[in-house]
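One structure is given below, encoded as structure tokens.
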Amino acid sequence: MEAEASREGRLEIIATHVRRCLRCDLSDRRLHAVPGEGSATARLMMVGESPGASEDAVGRPFVGRSGGVLDRVLNLSSLRREDVFITSIVKCRSADRAGAKLRNRAPLKWEIGACRPYLTRQVEIIRPRIILCLGGSAARGVIDPGFRLTEQRGKFFPGPFSSELMATFHPAYAGRWKGSVAQGRNLEELLLQDIKMARDRLV
Ligand code: URA
């Protein structure tokens, strides 16, 4: 119990560092950094690309439209948000100014590099059994820079601390292309299939 409390404490210290982080320029565009949330002893860790506008507004991961898709597939997999740990490779919204607005873009290599120590520490503390990358950008940041989602999705690779790494579609992409069919199934069904596969590997 004490060990678990200290894991939570150590995660909270990381979160505090993330919220104050000035390692890259994304810090001057954020409203809130999004360190991640969930169980400090999660066996399944989910890693997205970077927070969007909705997440930036409240400082929590996957609360916008992509969060709706993620919640749906978690429910259908009988997984509870509080039992997994959800974060992203970059903890601040990656966006450029476009007039008075911000336009989302993929995080740059050096932004991912600047943010990497936070994810590394989170993995060291939580020691998840499976790290599931949500989308190609997360997979290239975590598994391999040459990762090809279409070919390597749903496969397991060796990860740190005896974990296994796997990648699937980003919920926002799966939601946007819900009607698109690959292997005879729509992308949300494939996302669900992959999450269930990761879940079944936990036992
Ligand atoms: N995409 C992410 O990677 N993280 C979020 O919190 C939302 C969308």
Side-chain angles (χ1 to χ4, degrees), residues 11 14-15 17-19 21 23-24 26-27 29-39 42 44-75 77 79-96 101-123 126 128 130-145 147 149 153 165-178 187-188 190-192 194-195 198:
L11 281 179
I14 305 292
H17 285 296
V18 167
R19 291 188 192 104
C21 182
R23 282 172 184 246
C24 80
L26 297 181
S27 59
R29 280 157 241 173
R30 73 179 174 224
L31 288 173
H32 295 97
V34 183
E37 66 183 25
S39 167
L44 178 61
M45 183 170 192
M46 298 183 159
V47 183
E49 178 182 87
S50 75
S54 311
E55 290 77 20
D56 175 70
V58 295
R60 295 186 51 218
F62 285 97
V63 291
R65 204 171 334 146
S66 56
V69 178
L70 184 61
D71 285 343
R72 195 156 56 234
V73 289
L74 283 174
N75 265 330
S77 315
L79 287 166
R80 298 183 317 163
R81 236 183 201 256
E82 54 270 36
D83 292 335
V84 300
F85 191 87
I86 306 174
T87 187
S88 48
I89 47 168
V90 166
K91 315 294 194 202
C92 292
R93 179 182 181 190
S94 57
D96 284 328
K101 291 192 176 167
L102 287 175
R103 189 178 302 130
N104 289 346
R105 59 158 170 80
L108 306 174
K109 222 173 169 177
W110 72 277
E111 292 164 344
I112 296 173
C115 218
R116 178 173 304 280
Y118 299 125
L119 180 61
T120 303
R121 277 297 290 140
Q122 289 173 321
V123 170
I126 300 170
I130 293 179
I131 300 172
L132 179 60
C133 300
L134 302 174
S137 188
R140 285 187 291 280
V142 172
I143 305 179
D144 183 86
F147 196 90
L149 199 62
R153 187 201 114 239
L165 310 173
M166 204 248 240
T168 185
F169 297 113
H170 192 286
Y173 181 78
R176 198 172 323 131
W177 300 104
K178 207 174 164 190
L187 298 194
E188 202 170 306
L190 292 176
L191 170 63
L192 176 62
D194 291 344
I195 289 186

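As the structure lists them, so they are numbered: ligands from 1, and atoms in each ligand from 1.
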* Measure the distance from atom 3 (O) of ligand 1 to every protein heavy atom, then report the residue, atom name and distance (to 0.1 Å) of the closest one. => Glu49 N, 2.6 Å
* Ignoring angles and geometry beyond distance, decide whether His170 reaches within less than 3.5 Å of ligand 1 through its nitrogen or oxygen atoms. => yes
* Structure fact -> So the atoms of ligand 1 within less than 4.0 Å of a heavy atom of Ser66 turn out to be 7 (C), 8 (C)
* Protein residue, atom and distance nearest to atom 2 (C) of ligand 1, heavy-atom basis -> Ser50 O, 3.0 Å
* Residue Gly48 vicinity, atoms of ligand 1 by number, heavy atom under 4.0 Å -> 3 (O)
* To do: Please verify whether a non-hydrogen atom of Arg60 lies at under 4.0 Å from ligand 1.
  => no
* Counting from 1, what ligand 1 atoms have a heavy atom of Pro61 closer than 4.0 Å? -> 6 (O)
* Backbone N/O of Phe85 and side chain of Ser39: donor-acceptor pair under 3.5 Å -> no
* Test log, rule side chain to side chain contact (heavy atoms under 4.5 Å, CB included), inputs Leu191 and Val69 -> CA-CA 10 Å; Leu191 170 63; Val69 178; 4.1 Å; yes
* Asked: So is Arg23 actually on top of Tyr118's ring, under 6.0 Å and inside 45° of the axis?
  -> yes
* Might you point out which heavy atoms bring Ser88 and Pro51 nearest each other, and give the distance in Å? => OG-CD, 3.9 Å
* Are any side-chain N or O atoms of Ser94 and backbone N or O atoms of Arg105, one a donor and one an acceptor, separated by less than 3.5 Å? -> yes
* Asked: Taking Arg121 for the side chain and Ile14 for the main chain, is one N or O donor matched with an acceptor at less than 3.5 Å?
  -> no
* Using atom types as modelled and distance alone, determine if a side-chain donor or acceptor of Asp56 lies under 3.5 Å from a backbone N or O of Leu31. => yes
* To do: Return yes when Ala172 approaches ligand 1 closer than 4.0 angstrom through a heavy atom, no otherwise.
  => no
* To do: Do me a favour and list the nearest non-hydrogen protein atom to atom 6 (O) of ligand 1 with residue, atom name and distance?
  => Phe62 N, 2.8 Å
